[in-house]
Structures are given as structure tokens and as C-alpha cells.
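Let me begin by presenting the structure, written as C-alpha cells, before commenting on it.
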Amino acid sequence: MNNIMDFKPLSHLKAAAQLEAFIAWAQATLPKGIPNQRAHAGIRWDMDSWHNSGITSCAFTAHGSPRNSNPKNKKYMQPSFMDFSKALVVHHRVFQGKKSAKDVLSGARILEFALLELTETSDATRVSAAICNRACEHLKAEFPDGNSAYYRSKYVEQIVALMMDKKLLEKPFRWTSPLRYKDSGTLKEQQKNSEKKLPSRESIRALGELFNNDLTSPLDIITVSACALLLSQPSRIGELADVERDCVVFKDDADGGHRMFLRWYAEKGFGSTTKPVVAGMESSVERVIKLLTPITDEARAYAAWLEDHPDEFPPHEGVPLKGQDDPLSYDEACAALKSKVSHPHSARKIFETKWLDSLAKRTALSPAAQAVLDEIRQGWDTSKGKRIYVNGSLNHFQFNDRAVITLSKLNILVREKYLPKDFPYTTPAEDGKKRVKYRDALFTVRTGSLPDETKNNFAMQRDFGVEIATIHTRMTAQLGGASQSQSIFQRHGYGDLKVNTHAFRHELNTEMHRAGLSQLLIDAFSGRTTQGSVYNHVTVKERTKAVSAVHPKTKQSNAAKCLEKIITNKPLKLSDLIDLGEGDQDRVIHITHLGKC
């Protein structure tokens with residue numbers, strides 16, 4: 001951070017000049033995010049998306065045009081407002097070190113939408129309170145339920161505050177979002193919402209049966225093992241990327257026994273910790289490691305080789321017996337790249353289509369890969385080729401390609417295509433985070449090693465790279481959240497059961513509340529830096545029973561009346577529960593995360 005200075009506005013400049021200076025500062029600061037790994041090498045200001053360049057969820061699309069929408073229908077921000085938005089992202093991610101740019105971009109998009117509507121310009125300096133209010137009207141119409149509109153309006157509020165601080169407004173103003181946070185509704189509505197967040201008993205039972213069966217598919221083993229680990233202590237699916245092969249530690253408890261803990265890295269600022277395994281799940285954790293080790297050991301060893309030999313082409317049976325810098329024919333290049341050549345396509349055509357054209361479509365190439373592609377393209381014979389006849393018949397076409405292809409150059413292309421940008425680490429860099437390497441991660445697998453048996457193998461990746469097996473998209477599909485894929489439940493005869501990986505976290509948090517743990521302990525166990533009462537799904541009847549037990553002289557005959565008051569959200573008084581003595585003051589009972597008062 002020492003080499004990145006914040007933008008300091010000059011008092012004598014007007015808003016338009018301040019904005020130009022702010023953008024110039026951001027253009028100069030963007031590449032400074034590469035050394036501290038807040039952006040990847042090769043990131044450029046003129047890109048319309050920085051998502052693949054190390055700034056997650058960052059695409060400069062207009063409001064109503066998602067990052068993953070069809071390219072033909074995708075709309076981008078106006079050029080001038082896009083530059084302003086890019087400067088916001090640089091300040092947010094590269095200077096401040098925030099993890100994602102998704103929030104600040106969602107605020108910028110709706111702000112531009114309202115700005116264009118009311119002023120017919122994309123001049124950010126003309127943002128006003130009226131424009132911000134109009135943006136909130138659109139948000140309220142687009143997100144009528146829940147608090148999505150409220151949260152997005154707060155991102156607009158943050159942008160306005162930054163613009164005020166940096167003197168980017170033509171007419172300075174202070175603004176607070178008019179949208180208000182919505183409460184959780186009635187107790188019945190809260191209970192209905194809670195039930196949606198918890199896993200069904202059927203899904204838990206099915207996963208338990210599958211976990212204890214003799215599964216043979218690596219994909220099935222990965223899926224049930226991940227679920228078992230998430231049920232052994234409350235965690236997030238993304239945190240599995242930082243779980244090491246040797247993650248189990250034992251500690252002595254107060255009674256002289258041994259308790260199993262897992263070395264863990266909790267996301268969202270909590271950091272490194274050791275989490276106790278839920279009592280009764282110790283054998284399941286041991287089985288997870290026993291199941292995973294045979295199908296991930298080779299991938300960890302391969303990841304170690306890739307890290308230790310960065311300048312060598314990955315070895316396999318098809319690699320030509322040549323030096324790293326010896327010229328290769330196209331047939332030899334395809335053999336090294338595991339690209340099958342079959343009539344009527346030539347090896348040269350296969351190499352061009354599957355490698356040169358495929359990589360050229362990527363918007364975020366490393367400088368080394370871009371240099372290799374440029375060299376090959378510059379020496380590429382773009383003619384139709386010279387016809388070569390044998391015995392009077394056309395045999396092949398001869399081309400005058402000047403570029404020399406070697407294993408060293410193919411090594412750069414292979415690693416660009418198949419290795420994660422953060423390799424050898426499993427996750428992006430964060431301030432103060434000690435990252436885990438693929439060579440040590442429990443869930444490391446080779447790319448292409450977990451085929452969905454219901455899909456065509458032709459679409460599978462080659463095994464040149466490594467990845468974390470429990471990526472969110474794969475787990476979502478395997479647990480019934482993707483209609484185009486057959487889930488583990490469907491494959492094994494459990495029908496259309498579905499479960500969200502985050503539901504396991506809600507389940508364990510709720511059970512800990514039932515066990516009487518304080519909110520403070522539950523938050524620490526779950527790896528949270530803020531109170532997580534939203535994870536408490538204890539039912540209304542259970543809470544009523546707890547309230548009725550607040551005093552040994554509770555009026556048990558009055559339980560039904562108490563329940564009715566709680567369900568209808570009416571105040572519950574001490575006199576509803578106990579007989580008050582002479583001079584005792586009747587009070588309303590409150591329940592907080594600290595207890596009852």
C-alpha cells in the first residue's frame with residue numbers, strides 16, 4: 001500500500017477538472033494493484049470487464065444488462081460515465097483493498113440510469129439529489145420485496161459521499177437514501193421464511209445415506225464429503241478452498257479428554273481460526289479425509305510439480321521427446337497439447353482453432369501469453385496455402401508459417417488456459433491472509449477429472465490444470481440447483497430433492513441456539529465478525545416455551561394465551577407468566593441475544 005496514494009482534490013479546480021484528475025489518478029493507480037495482487041497482470045483501462053483480471057464481478061455493463069447476459073444484447077455504460085465508474089472501482093478495490101466491486105458498481109449503474117433519464121447526459125458532475133431520489137424510485141419499483149432496493153440505495157449514498165469528499169460535484173449536496181429498512185414481518189412470516197433457509201429432513205437423510213454408501217464416482221465422493229464437512233461445523237462453501245489436507249488438530253479439554261478441531265480460514269474478515277467439530281461428527285470428518293485422499297493426492301503432487309517447474313511443459317505420455325526450445329511440427333504440438341487430429345482437419349487447423357483462436361477470444365491474457373500469441377500470429381501464413389499433389393491427387397496444403405513453436409511457448413499457453421490466475425494459491429490475495437497452496441489443499445483436483453456422467457465428455461477440459469473441486473457452481477448443480485444438470489439426488493434415486501450449501505450453516509446455528517449457546521459463542525464458532533441472529537430459526541413455539549420457563553412460578557395454564565400473544569406480536573408482560581407479589585412492578589418481557597429481561 002505504500003506506493004498507492006489517495007486522490008487529493010485541488011481546491012482551485014472546478015468539478016469537471018477534478019473529475020478528469022480523479023480519472024487520471026485511477027488510470028495511473030490501476031497497474032499498481034498488480035504487485036499486491038489486487039489485480040492480475042495484463043489488466044488494462046480500456047477493457048469493458050475486469051472480472052477475469054482479478055477484480056471479481058466487475059463488468060461495466062449498463063443497468064439492466066447483467067455481466068453474464070448474451071453478448072448480442074449486452075449494453076455498456078456510456079464512455080464518460082464508464083471512466084468515472086472505473087475510477088470508483090480503482091479507489092474501492094486497488095486503493096482501499098475491498099474484496100469485490102459488485103456493490104459499488106450496482107450503485108453506479110442505477111445512478112447513471114437516472115442521470116441519463118433526467119439530464120440526457122452521462123456527465124457524473126451533474127449528479128444531484130433529484131437524480132439520486134429518481135434512482136431510488138427505480139430501485140423500489142424493481143425490487144418491491146425484501147431489502148434489495150434499500151441496500152442498493154446505500155451504495156448510491158456511499159458514491160455521493162465520495163464525490164462530495166473528492167469535490168466531483170458541480171453543485172455539492174448532501175443526501176441520505178429515503179428508502180428504509182423493512183422489518184422481518186409477522187412471526188408467522190418470519191417462521192415461513194426461516195423454514196425456507198433450513199435444509200429439509202429428507203435431503204439431510206439422503207446425504208447421510210449416500211455418505212455411508214460405497215460410492216465410486218469421484219464427483220459423488222466430492223459432493224457428499226463437502227456436505228459432511230459443512231455439517232461438522234458452521235461454515236461457508238467458499239471456505240473449503242482454504243482447507244488443508246492436514247487440517248485436523250486435537251486439543252485437551254477441561255476434563256482431560258481430546259476434542260477434534262479443524263484449522264480453518266473464515267471469510268468476511270474473521271480470518272484464521274481453529275473450529276471445534278460438532279460432537280458426534282468426529283468420525284464423519286475422519287471418513288471425509290479417508291474418502292478424499294485417494295482421489296486428490298495425485299492432483300496435489302501435480303500442483304507441486306507445476307509450482308516447482310514453472311518453465312517446463314507438463315509431462316505426459318504424448319509429449320514429443322524434444323528439448324524445451326526445439327522446434328515442433330503441428331502434429332507434435334497437437335500431441336503435446338492432447339488435441340486429437342482427425343480427417344478432414346489438419347493438425348495446423350486444430351492448433352489454430354482450439355488454441356490460437358480460443359485464447360485470442362479471452363479479454364484478460366497475461367503479458368507472457370499475449371506475447372506468444374502475437375509472435376505466432378505475426379508469423380502466420382494467412383493465405384489459402386499451396387496445393388501439394390501426390391500421384392495426381394491433392395494431398396495437402398503447404399503454408400509458409402515463420403513462427404517457431406516450442407514446448408516452452410506451449411507451456412505458457414497451457415498454463416494460461418488451464419491454471420487459475422491465483423496459482424499456486426487457492427484464493428485471491430487479501431491483506432493479512434496466509435493463503436493455502438493447491439499442493440496442500442484438501443479439495444485439489446485436476447481440471448476435467450470430475451465429469452458429470454450425464455454430459456458429453458467432448459466438452460470436458462483437459463487435465464493440464466488444477467482447481468478446487470467444491471466450486472460454487474458445481475456444488476449448486478450437484479445439490480439440485482441447476483435444471484440443466486442431473487443432481488446427486490436424481491442419480492441415486494432420491495427424486496428432485498434440493499438443498500443449498502448455506503442451509504447447513506443455518507441448521508447448525510439454529511441447533512446451537514436450541515442447545516443454549518450465547519449469540520457471542522455462536523458467532524465465534526461460525527466465523528462471524530457481526531451478530532448473526534438472522535441464522536436463528538428456533539420456532540415460535542420453542543421460543544414461547546423458553547419464555548414460559550423464565551421463572552419457576554410460571555403460570556403453565558396460561559401457555560396458550562402466551563403463545564397467542566407472541567404469534568400476534570402483542571406485548572408479553574411478566575404478569576402473563578407469574579403471579580406478582582404485593583408491590584411488584586409489572587413489566588414487558590424482552591428477548592435479546594443476551595437473554596431475557
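Heavy atoms only: backbone and side chains are in, while hydrogens, waters and symmetry mates are out.
- Residues meeting the salt bridge (Lys or Arg N to Asp or Glu O under 4.0 Å) test with K32, sequence neighbours left out: none.
- Judged by distance alone, the side chain of D401 and the main-chain N or O of D381 form a donor-acceptor pair under 3.5 Å.
- Under the side-chain contact (heavy atoms from CB on, under 4.5 Å) criterion, H316 pairs with F313, V319, K338, F464, not counting sequence neighbours.
- For residues 370-379, the set of pairs meeting the salt bridge (Lys or Arg N to Asp or Glu O under 4.0 Å) definition, not counting sequence neighbours, comprises E352-R377, D357-R377, E375-K409.
- With a 4.5 Å cut-off on side-chain heavy atoms, Q233 and M281 do not count as touching.
- The aromatic rings of W305 and H309 sit parallel, their planes meeting at an angle under 30°, below the 60° perpendicular limit.
- Applying the salt bridge (Lys or Arg N to Asp or Glu O under 4.0 Å) criterion to R439, with sequence neighbours excluded, gives E307, D308.
- Side-chain contact check for Q478 and R491: at least one donor-acceptor pair (N or O, by modelled atom type) lies under 3.5 Å.
- Residue pairs meeting the salt bridge (Lys or Arg N to Asp or Glu O under 4.0 Å) criterion with at least one partner in residues 322-334, sequence neighbours excluded, are K322-E332.
- The structure places OG1 of T61 at 7.5 Å from CG of L105, a figure rounded to the nearest 0.5 Å.
- Checked against a 6.0 Å centroid threshold, the rings of F60 and W50 count as neighbours.
- Two residues are said to be in side-chain contact when any heavy atoms from C-beta on lie closer than 4.5 Å; F443 and I471 fail this criterion.
- Judged purely by distance below 3.5 Å, without hydrogens or angles, the side chains of S272 and K434 never pair a donor atom with an acceptor atom.
- Residues L207 and L479 have side chains in contact (heavy-atom distance under 4.5 Å, counting atoms from C-beta outward).
- When each of E416, H40, Q37 is tested with K421 by the rule side chain to side chain donor-acceptor pair (under 3.5 Å), just one qualifies, namely E416.
- F423 does not carry R415 over the face of its six-membered ring by the limits of under 6.0 Å from the centre and within 45° of the normal.
- For residues 281-291, the salt bridge (Lys or Arg N to Asp or Glu O under 4.0 Å) pairs, not counting sequence neighbours, are R259-E282.
- Taking the charged nitrogens against the carboxylate oxygens, R505 and E239 have no contact shorter than 4.0 Å, which rules out a salt bridge.
- Side-chain contact check for T427 versus I468: every heavy-atom pair is 4.5 Å or farther apart.
- Put simply, the side chain of L210 does not reach to within 4.5 Å of the side chain of D220, judged on heavy atoms.
- Ion pairing between K433 and D242 holds under the 4.0 Å rule for side-chain N and carboxylate O.
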